[in-house]
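Read through the structure below, which is laid out as structure tokens, and then see the notes.
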Protein chains: 2
Amino acid sequence: MGSTRDPDRRDRILDAASAVFAEKGFAGARVDDIADRAGVNKAMLYYHVGDKTALYSAVLLRNFERVRVALDEALATGGSARARLEAVITALTRMVQRHPDHPRMMLREIASGATSLEPEVLAAMLEVVGVVRALIAEGTAAGEFRAIDPVLTHLTLVGAVVFLNATAPIRNRAAALGPGFSLPEPTTDIARFIKEMLLDGLAADRKPGGS
Amino acid sequence: MGSTRDPDRRDRILDAASAVFAEKGFAGARVDDIADRAGVNKAMLYYHVGDKTALYSAVLLRNFERVRVALDEALATGGSARARLEAVITALTRMVQRHPDHPRMMLREIASGATSLEPEVLAAMLEVVGVVRALIAEGTAAGEFRAIDPVLTHLTLVGAVVFLNATAPIRNRAAALGPGFSLPEPTTDIARFIKEMLLDGLAADRKPGGS
DNA sequence: TTCCTAACTAACTGGTTGGTTAAACCAACC
DNA sequence: GGTTGGTTTAACCAACCAGTTAGTTAGGAA
């Protein structure tokens, strides 16, 4: 039976937890803080979701599901592998900007070696990785992309999207320190940059033989 | 005056702190744990370095200095901007693999928005960024690189190096879960991949008109 | 009305943790 | 052999924090 008082209390709890975990990390997050932001008594977190680790896993699972849905939509646009890859980059960029909590949490997970990531969450992540990997492999097979490692390519892509967006606060702080460093880019600019960079490379003259 | 017993006790403390901060993050790190790993009494940390935040900043400052030196060496090899950029990528990759603590700490800093990064540390970081940024700008001016945002390019580059290396543990865990996912790459492979990817792009056919 | 159960709360607990302190130690110099 | 001053230690403490618990509220069923 759902709550008689507030049916989506669990969602509000997960929202608050996502924000706090992203901001402070697992160890830095205070359960009382999460409860306060969610506007509920702390014991309710334990009643509705579970302990701190269960809360953490629940947040990651929900957030990965969001990404998976967004990627499925991007792939559904059809077209060439390149066109779909561009759609994926756009979707990822929009996702990262609309729900910045998720990449922030994952950055910390990567830093810690994902030692505490539950198998369930790991599986959700691999599902997302698989989508992009398959797309790149398909593009390579179709002759659209160079023969290139699909997993490393996927990581470079995600790394670029996450880095360019997640470093925005640090760049703003840098801009405040010294002049001529600021880079307040609009959403579309970052996505466009990544597409150009990854697809066409940095070199002005492309060497065809340079496998 | 330095310690009469052990002149590099401070270095040993910083080494231990670096390892623990990288593994657990600032909030997750236990001062007692750092002291144990350094093989000293906890009070020695406060005597030689300072409190937990001072310890953290001292570690980052030392680690950034290492990166700066490595980049200076890479730039000193001379040659075209492209050649020097390749040297930089090699140096960064080697650096990340030899001292993985630093990128792990910085990943967490990026995740938290660098709100707790002291100005002194921020300046050390900007110095490193400036080196690569200048090199890219020079290459663009010389016609070697396309006209492209140097800071975003730098971030993409660093993001790729860090991501491809820092995700190794998570990929190994993934490989243990499902078959056909593993990617145990040797050092040089990752550096070569990044060079090809960033310089020549992903596309099999480069479109010259693509801005 | 009475009883039952899910939802909720305030207050507490037991363990942890960053930081301190007073005393001890030790090498050098007089 | 005594003194000085940097170095080291064990023990301690106050604050903090995840998790629990005893008890309350409200709505629906009998």
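Just so we're on the same page: letters track the sequence lines, and every chain starts at 1. Just the heavy atoms: all of them, side chains too, but no hydrogens, waters or symmetry mates, feed the values below. These numbers come from a predicted model, not from an experiment.
- Note on B:His48: a side-chain N or O is less than 4.0 Å away from OP1 or OP2 of D:dT8.
- For B:Glu65, the CD atom counts as densely surrounded, since its 6.0 Å shell holds more than 12 non-hydrogen atoms of other residues, nucleotides or ligands.
- Between the CE atom of A:Met44 and the C1' atom of D:dT20 there is a distance of 14 Å, rounded to whole Å.
- For A:Ile13 and C:dC8, the CD1 to P distance is 8 Å, given to the nearest whole Å.
- To the nearest angstrom, P of C:dA6 lies 18 Å from CZ of A:Arg10.
- Atom OH of A:Tyr47 and atom P of D:dA22 are 17 Å apart (whole Å).
- The partner of C:dC30 is D:dG1, judged by Watson-Crick or G-U wobble contacts that both fall below 3.5 Å.
- Rounded to an integer number of Å, the gap from A:Asp36 CG to D:dC16 C1' is 15 Å.
- Rounded to whole Å, the distance from CG on B:Asn41 to P on D:dC12 is 14 Å.
- The number of heavy atoms from other shown groups lying within 6.0 Å of CZ (B:Arg66) is above 12.
- In terms of modelled atom types and a separation under 3.5 Å, the side chain of A:Arg108 and the main chain of A:Ala22 share a donor-acceptor contact.
- Across all strands shown, D:dT8 is found opposite C:dA23 as a Watson-Crick or G-U wobble partner, with both distances under 3.5 Å.
- In terms of position along DNA chain D, the nucleotide closest to B:Lys42 lies nearer the 5' end than the nucleotide closest to the other residue of the pair B:Lys42 and A:Ala43.
- In summary, B:Asp15 and B:Arg62 engage in a salt bridge, as defined by a charged side-chain N under 4.0 Å from a carboxylate O.
- Applying the 3.5 Å distance criterion, the base of D:dA18 shares no donor-acceptor pair with the side chain of A:Asp51.
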Find every protein N or O atom lying less than 3.5 Å from an N or O atom of nucleotides 13-17 of chain C, and list the pairs.
unit_1	atom_1	unit_2	atom_2	d
C:dT17	OP1	B:Arg30	NE	2.6

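- Of the possible donor and acceptor atoms, none in the side chain of A:Thr156 sits under 3.5 Å from a partner among the backbone N and O of B:Ala160.
- Of the possible polar contacts, none joining the A:Lys24 side chain to the B:Ser112 backbone as a donor-acceptor pair under 3.5 Å is found.
- For A:Tyr46, the listed nucleotide lying nearest its side chain is D:dG19; candidates were D:dT9, C:dA7, D:dG19.
- Under the 30°/60° scheme for interplanar angles, the aromatic rings of A:Phe26 and A:Tyr56 are found to stand perpendicular.
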